[in-house]
Amino acid sequence: MMKIDNKITSGQLMAIIVNTIIGVGILSLPRDLVEALKTDGWILVLISGLLAIGSVTLITILVMKYPGKTVTEFGRNLITTPISDFCSILFLIYLLIFSAFVVRIFGEIVKMYLLRNTPIEFIIITMLITVAYIARAGIEAIGKFCVLVLPIVVIPIFFMGFVLLPELDFSNLLPVFKFKITDLLKGIPSTVFSFAGFEVILLFNAFVERPKKTLKYNLIGMVLIIFVYLFVFLISVMVFGVIETTHLIWPSMSLMEVIQFPGAFLENVQGVVMAQWVVLVFSTLAPLIYGSALIFDKLFRGNEHKYYVFPLMPIIFVLALVPDNIATAYDYIGKSTNILGTFVILVLPLLLLVVSLFKKNNKKGAVKNG
Amino acid sequence: MIISTNINRNLEIIKKELVDCDDIVYRPIKVGQKQNFNMAFIYVDGLIDKELISEFGLEPLLLDARENKPNPQNIKDNLLELVEKGNIAVSEVKELKTIEEALENLLIGETLLLIDGYNKILMLSSRGWPMRGITEPQIETVVRGPRDGFNETVKVNATLVRRRIRDTKLKAKYIKIGTRSKTDVVVMYMEDIVNKKLIDEVMKRLKGITVDAIIGSGQIQHAIAGNSYSPFPEAQYTERPDVVAAALYEGRIGILVDNTPFSLIVPATITTLLQSAEDYYGSWYISSLVRIVRFFAIFLCLLFPALYIAMTSYHPGMLPTQLAIYVAATRDTVPFPAFIEAFIMEGTIELLRESGSRLAGPIGTTIGIVGGLVIGQAAVEAGIVSPLMVIIVAVTTIASFAIPNYGLASGFRVLRFGMMAFAAFSGLYGIMLGLLLLATHLVQLNSFGIPYLSPLTNIGNNLRDLKDTLIRFPLQTMKKRPYFTQTIDETRMPGARNQGKKGDNSKDKKK
């Protein structure tokens with residue numbers, strides 16, 4: 001009856017996007033911003049956010065033209081099967097590398113804050129198995145799950161600012177507007193990629209039940225993320241100051257260590273924060289891994305993504321363990337997103353959109369001629 | 001089997017069919033001034049109202065028919081009609097055309113009247129068996145609210161609901177389930193409120209039940225569940241007619257089952273299972289408070305022992321220093337790891353609960369006190385468990401009783417052990433993985449196509465259902481029926497809508 005078979009609503013898609021984007025990117029974001037523009041990092045967030053919104057609009061306009069179809073399917077009509085499949089494979093590789101990076105950073109953080117003596121391999125494997133369960137369940141489950149955890153992901157971040165109020169030093173934000181345009185331009189690529197994740201719209205819009213409001217919801221989601229990022233940056237800088245922030249690996253995590261509840265039950269809130277962190281990463285990984293399985297499935301023109309989830313796990317596991325340490329992990333992901341990410345976020349949608357406009361004109365022309 | 005015109009043949013067939021059923025009573029009689037018409041009553045001893053049959057069935061046929069002069073013409077030809085329309089003073093009389101039909105009615109508690117020379121059997125409605133009166137519900141007691149509860153007779157139960165809904169749109173469909181038990185099941189719904197697809201789905205699933213006997217509503221609940229492996233109930237049970245009536249007004253469906261006071265309400269979501277009848281009778285402040293307490297109870301019931309294990313074995317640093325020292329000091333004498341300790345105590349409590357529920361009322365309470373107090377005290381003194389563990393186990397058990405729906409509470413009660421295992425496995429991280437697996441299961445779960453976690457799993461119109469979730473808003477703010485049931489008629493307070501219109505009009509006038 002009202003059971004929506006493999007369908008999601010626009011609101012659920014928005015939740016998926018927000019949860020996918022707010023992942024490990026938020027951890028190092030304040031440091032990246034401070035390194036690029038010092039106290040003016042928030043300008044970078046705004047500009048990159050606007051660029052990301054532009055890209056989201058572009059992608060949404062594109063996918064709205066082909067309701068019920070993923071990029072792997074409609075791409076074939078637009079840019080011939082071999083080229084489209086090649087692009088899909090690139091997309092797949094990108095998603096796999098992204099997932100591997102997320103799960104690696106996740107493992108490192110859990111090991112650092114929660115389970116010091118546990119091998120990271122154990123943490124990664126258990127997490128991947130748990131994600132596999134929901135990835136197998138499909139888009140409907142992921143959509144509902146993301147809405148369910150959206151408050152758990154977003155509210156504590158704002159709550160954190162409230163708790164940290166006594167620690168805030170507003171003078172840390174000064175001086176304002178003292179940056180070089182060249183620094184701003186240099187900083188943009190890496191910051192835009194902290195918004196990476198919205199490209200899943202290319203795949204998931206196919207399942208939206210009534211896609212009318214999709215664009216509106218997607219933009220609301222992006223604005224929400226800009227707010228979260230801005231907030232985290234401002235809080236980090238206000239608490240730590242510019243110089244200290246540059247020296248921290250994960251400034252956002254370090255914020256948690258500053259929090260102290262007077263007279264509270266918990267000595268430090270790390271436990272609570274780690275609990276939230278596990279949920280956050282889970283909701284990032286689920287769409288990514290489901291998305292990869294989906295591309296795999298559509299490449300073989302199948303109709304059941306389930307069988308491709310588990311075979312992907314060893315690949316992600318191995319990829320996650322390739323970097324020797326956190327620094328190299330960041331290095332690798334930086335390099336791969338620069339190439340693959342640009343391709344998936346910008347080149348592919350733009351190419352498809354241009355071709356689709358072209359084809360549509362042709363069709364119209366044909367009708368007129370006929 | 002077709003009924004023959006010969007009464008003796010019919011009797012033979014029925015007797016053969018019911019051989020060795022000594023509770024069947026056959027009462028052959030001869031009617032008429034000359035006593036030349038053969039008739040026979042058949043009924044099940046104990047299932048019928050004997051007074052009714054002898055006073056209004058036997059008496060007119062035996063005595064009145066003899067005293068009154070019969071109409072001389074065509075008595076023999078019109079005998080059936082004369083008896084049916086003229087003699088029997090029972091409120092409901094029906095002609096039956098097959099033996100099978102007759103037997104079925106006989107076993108329900110109707111009386112059969114066989115008349116010689118006719119290939120039809122008369123059924124006299126005479127159901128009347130010993131039944132419990134309408135008493136206060138045993139499990140769902142409320143401080144303020146109606147005191148009548150369902151009993152074991154489905155007709156009475158349906159009446160109790162009907163009394164609360166004096167609307168022609170209240171429909172009650174009777175169906176029989178069980179190839180042997182032929183249990184009466186009444187499906188009640190409001191025709192112009194309930195979603196058509198929902199009622200179709202429920203009827204489809206009910207008719208799809210293939211089982212020989214239905215003993216209680218629990219069987220039906222499991223038979224119509226979409227996911228039979230889930231630990232959570234997909235239907236809400238209740239023994240309160242006011243709860244069923246309120247649910248019908250919300251566009252849900254009541255399934256009343258004969259022979260049990262527990263009726264089912266579908267669809268059920270986790271929010272509806274956490275609601276109690278009383279929430280709507282008290283002020284919204286207190287209702288919201290108890291709602292929050294219930295949500296907290298779920299948290300405690302599921303996670304409290306697991307958190308203890310995680311905190312003591314993996315993350316003692318997360319506790320305040322003084323508490324951590326205290327816990328370490330009390331656990332000093334305990335020879336087991338926290339996991340074993342928790343399992344011992346949780347196991348003991350489950351044992352106590354089980355034995356307590358087996359015993360008769362007063363003894364059960366005694367066992368509870370003796371077991372709980374004595375064992376807890378002795379275990380602590382013997383140094384097998386820490387006092388903190390005893391407190392945790394007690395709180396957990398109390399919390400599990402704060403969840404209004406027993407089925408839901410048992411689900412969490414079972415999963416608690418799983419969570420303890422996860423916590424022993426890898427501390428807080430393990431608990432989170434367990435919760436994520438649980439959440440994944442819950443988001444997949446549907447009750448008749450309605451998401452089990454609604455309204456928490458979508459962004460849109462459904463958010464108005466949040467008014468009746470963790471906090472129960474004042475009833476005046478709930479002008480529409482819940483969204484999750486997808487009702488046809490959404491407006492609960494038509495008056496409120498008119499007021500809004502008036503407001504609009506006045507604005508227009510001002511303009």
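All chains are named by letter (A, B, ...) in the order of the sequence lines, taking the proteins before the strands, and each is independently numbered beginning at 1.
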Can you give me the closest heavy-atom contact between B:Thr457 and A:Gln12, atom names plus distance? O-NE2, 2.7 Å
When rounded to the nearest 0.5 angstrom, what is the spacing between OG1 in A:Thr130 and CG in B:Leu433? 4.0 Å
Interatomic distance, A:Phe282 atom CZ to B:Leu436 atom CG [nearest 0.5 angstrom]: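 Here the rounded value is 5.0 Å.
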Under 4.5 Å heavy-atom distance to chain B, tell me which part of A:Thr126 shows up: side chain, backbone, both or neither. both
Could you report the tightest heavy-atom contact between A:Ala275 and B:Met432, atom names first, then the distance? O-CE, 3.3 Å
With a 4.5 Å limit on heavy-atom distance, are the side chains of B:Ile459 and A:Leu150 in contact?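 Yes, close enough: below the 4.5 Å cut-off.
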Using a cut-off of 6.0 Å, state whether more than 12 heavy atoms not belonging to A:Phe227 lie near its atom CZ. no
Engaged part of A:Ile134 at the chain B interface, taking heavy atoms whose separation is under 4.5 Å: both
Can you tell me how far apart CE (A:Met274) and CE (B:Met318) are? Round to the nearest 0.5 Å.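 A:Met274 atom CE to B:Met318 atom CE measures 8.0 Å (nearest 0.5 Å).
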Around atom CZ of A:Phe158, are there more than 12 heavy atoms from other residues, nucleotides or ligands closer than 6.0 Å? yes
Chain A contact via B:Leu456 - side chain, backbone, both or neither, heavy atoms under 4.5 Å: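 Looking at B:Leu456, backbone and side chain both touch chain A.
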Between A:Phe122 and B:Phe425, what is the ring plane arrangement, given parallel below 30°, perpendicular above 60°, and tilted in between? perpendicular
Look at A:Trp277, A:Tyr217, A:Tyr133 and state which one has the largest set of heavy-atom pairs under 4.5 Å with chain B.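 Maximum pair count with chain B is reached by A:Tyr133.
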NE2/B:His315 to OH/A:Tyr113 distance, rounded to the nearest 0.5 angstrom? 15.0 Å
Per-residue contact mode, A:Met127 against chain B (heavy atom under 4.5 angstrom):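 The answer is both parts of A:Met127.
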With a 3.5 Å cut-off and no angle check, do the side chains of A:Thr118 and B:Tyr429 form a donor-acceptor pair?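 Side-chain D/A pair, A:Thr118 to B:Tyr429: absent.
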Heavy-atom proximity to chain B below 4.5 Å, by part of A:Ile123: both
B:Lys171 atom NZ, over 12 foreign heavy atoms within 6.0 Å: yes
Kindly check if the number of other-residue, nucleotide or ligand heavy atoms within 6.0 Å of OH (A:Tyr307) is above 12? no
Let's test your reading of the structure: which of B:Leu437, B:Leu428, B:Ile431 forms the most heavy-atom pairs below 4.5 Å with chain A? B:Leu437
Measure distances from B:Ser426 to the heavy atoms of chain A and classify the residue's part below 4.5 Å as side chain, backbone, both or neither. both
